[in-house]
Amino acid sequence: MEKASMDRMWLTRTDRIDTVTRGAIAGSIAGALFAAFQMVAAVEAGSGALWPWRMAASVVIGGEAFVASAGVALLAGGLVHLLLSVASGVTAAMLYEWSQWSRTHRANPALACFAGAGFGGLIWLVNFAVIAQAFIPWMWRPDQSLQLALHLGYGVALGLALRELGRHAMNPPDSAQPA
């Protein structure tokens with residue numbers, strides 16, 4: 001166990017900041033795609049393009065989000081969505097880039113998609129099946145199979161974005177480091 005913690009000692013403050021930055025950017029990219037697909041799904045379901053923003057806003061302002069003005073729904077929902085997207089991206093980046101495995105292996109696109117989809121599924125499980133069911137029951141209104149599929153898609157986009165951002169970094173996360 002001592003060896004595993006010592007192997008991570010080479011991460012400098014700049015390396016950690018770079019990881020967080022890559023995660024925030026990747027989370028924002030994947031979150032923008034996710035939001036676009038959420039709006040399309042809401043329009044197709046007859047709920048209107050604002051529905052995803054109202055749902056996100058309801059996390060902080062409760063049921064008032066469903067009767068609030070469009071501006072309030074967009075602002076509050078947009079902030080919640082961005083915060084969650086960035087936080088998920090940073091978490092994924094830290095899990096991957098700070099792992100021992102990433103020091104010696106480069107994730108190919110298929111692995112980035114697979115791991116990302118798994119991470120997206122985990123986000124859905126935690127956010128909907130655990131947190132929403134306990135504290136925000138109206139989040140179960142949308143079709144959960146569609147929500148799971150959209151979260152899997154978010155994860156795929158996140159995995160690919162992290163892979164590409166890491167590939168072009170000055171100190172790629174998956175470069176071999178001296179022992």
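Owing to the predicted nature of the structure, the values given are computational and were not obtained by experimental measurement.
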Item to check | CA sep, side-chain torsions, deciding dist, call: T91, F119, side-chain contact (heavy atoms from CB on, under 4.5 Å) | outcome: CA-CA 10 Å; T91 301; F119 188 75; 4.2 Å; yes
Checklist outcome for this item: Interatomic distance, CG@L50 vs CE@M55, rounded to 0.5 Å, equals 13.5 Å
Checklist entry - Is there a path of hydrophobic side-chain contacts, each under 4.5 Å between heavy atoms of I, L, V, M, F, W or Y residues, that connects V126 with V80? => result yes
Checklist entry - Are V67 and L74 in one and the same hydrophobic cluster, where Ile, Leu, Val, Met, Phe, Trp and Tyr link if side-chain heavy atoms are under 4.5 Å apart? => result no
Checklist entry - Would you find more than 12 non-hydrogen atoms of other residues, nucleotides or ligands less than 6.0 Å from F114 atom CZ? => result no
Next on the checklist: Give me the atom names and distance for the closest heavy-atom approach of P52 to A49.
Outcome noted: CD-O, 3.3 Å
Checklist outcome for this item: Heavy-atom closest pair (V90 atom, V20 atom, distance to 0.1 Å) is CG2-O, 3.5 Å
Next on the checklist: Would you say that W98 contacts R16 through its side chain, given a criterion of any heavy-atom pair below 4.5 Å between the two side chains?
Outcome noted: yes
Checklist outcome for this item: Heavy atoms of A24 and V86 approach each other most closely as CB-CG1, 3.8 Å
Item to check | pair L111-N108: side-chain heavy atoms closer than 4.5 Å | outcome: yes
Checklist entry - Is any side-chain heavy atom of M139 closer than 4.5 Å to a side-chain heavy atom of S58? => result yes
Checklist entry - From L162 CG over to R22 CZ, what is the distance, rounded to the nearest 0.5 angstrom? => result 8.5 Å
Checklist entry - Once you round to the nearest 0.5 Å, how far does CG of L75 lie from CG of L79? => result 5.0 Å
Item to check | Spacing of CE belonging to M94 relative to OG1 belonging to T19, to within rounding of 0.5 Å | outcome: 9.0 Å
Item to check | Pair T21-D18, side-chain donor/acceptor within less than 3.5 Å | outcome: no
Checklist entry - Closest heavy-atom contact between A65 and A73? => result O-CB, 4.5 Å
Checklist entry - According to a 4.5 Å side-chain heavy-atom criterion applied to Ile, Leu, Val, Met, Phe, Trp and Tyr, with indirect links allowed, do I25 and L160 form part of one hydrophobic cluster? => result no
Item to check | Check: T12 and I17 side chains under 4.5 Å, non-hydrogen atoms | outcome: no
Item to check | Side chain S88, main chain S85, donor-acceptor under 3.5 Å | outcome: no
Checklist entry - If only atom types and distance count, is the side chain of R54 paired as donor or acceptor with the main-chain N or O of A68 below 3.5 Å? => result yes
Checklist entry - Would you call Q147 and F128 a side-chain contact if the rule is heavy atoms closer than 4.5 Å? => result yes
Checklist entry - Just wondering, are more than 12 heavy atoms of other shown residues or ligands nearer than 6.0 Å to CZ in F66? => result yes
Item to check | Shortest non-hydrogen contact from L158 toward A92 | outcome: CD2-CB, 3.7 Å
Checklist outcome for this item: In this structure, NE2 of H151 is separated from CG of N127 (nearest 0.5 Å) by 6.0 Å
Checklist entry - Relative to each other, are the rings of H81 and F34 parallel, tilted or perpendicular (30° and 60° limits)? => result parallel
Next on the checklist: For a side-chain contact (heavy atoms from CB on, under 4.5 Å) check, start with the C-alpha distance between L148 and L125, then their side-chain angles and the critical distance, and finish with the verdict.
Outcome noted: CA-CA 8 Å; L148 175 58; L125 182 68; over 6 Å; no
Checklist outcome for this item: CG of L84 to CD1 of I123, rounded to nearest 0.5 Å, is 9.0 Å
Checklist entry - Counting only heavy atoms not in E64, do more than 12 sit closer than 6.0 Å to its CD atom? => result no
Checklist entry - Is there a path from W124 to W138 through hydrophobic residues (I, L, V, M, F, W, Y) whose side chains come within less than 4.5 Å of each other? => result yes
Item to check | Shortest non-hydrogen separation from A41 to L150 and the atoms involved | outcome: CB-CD1, 4.4 Å
Next on the checklist: For a quick check under 3.5 Å, do Q38 and W53 share a side-chain donor-acceptor pair by atom type?
Outcome noted: no
Checklist entry - If you group Ile, Leu, Val, Met, Phe, Trp and Tyr by side-chain heavy-atom gaps below 4.5 Å, do Y154 and F37 land in one group? => result yes
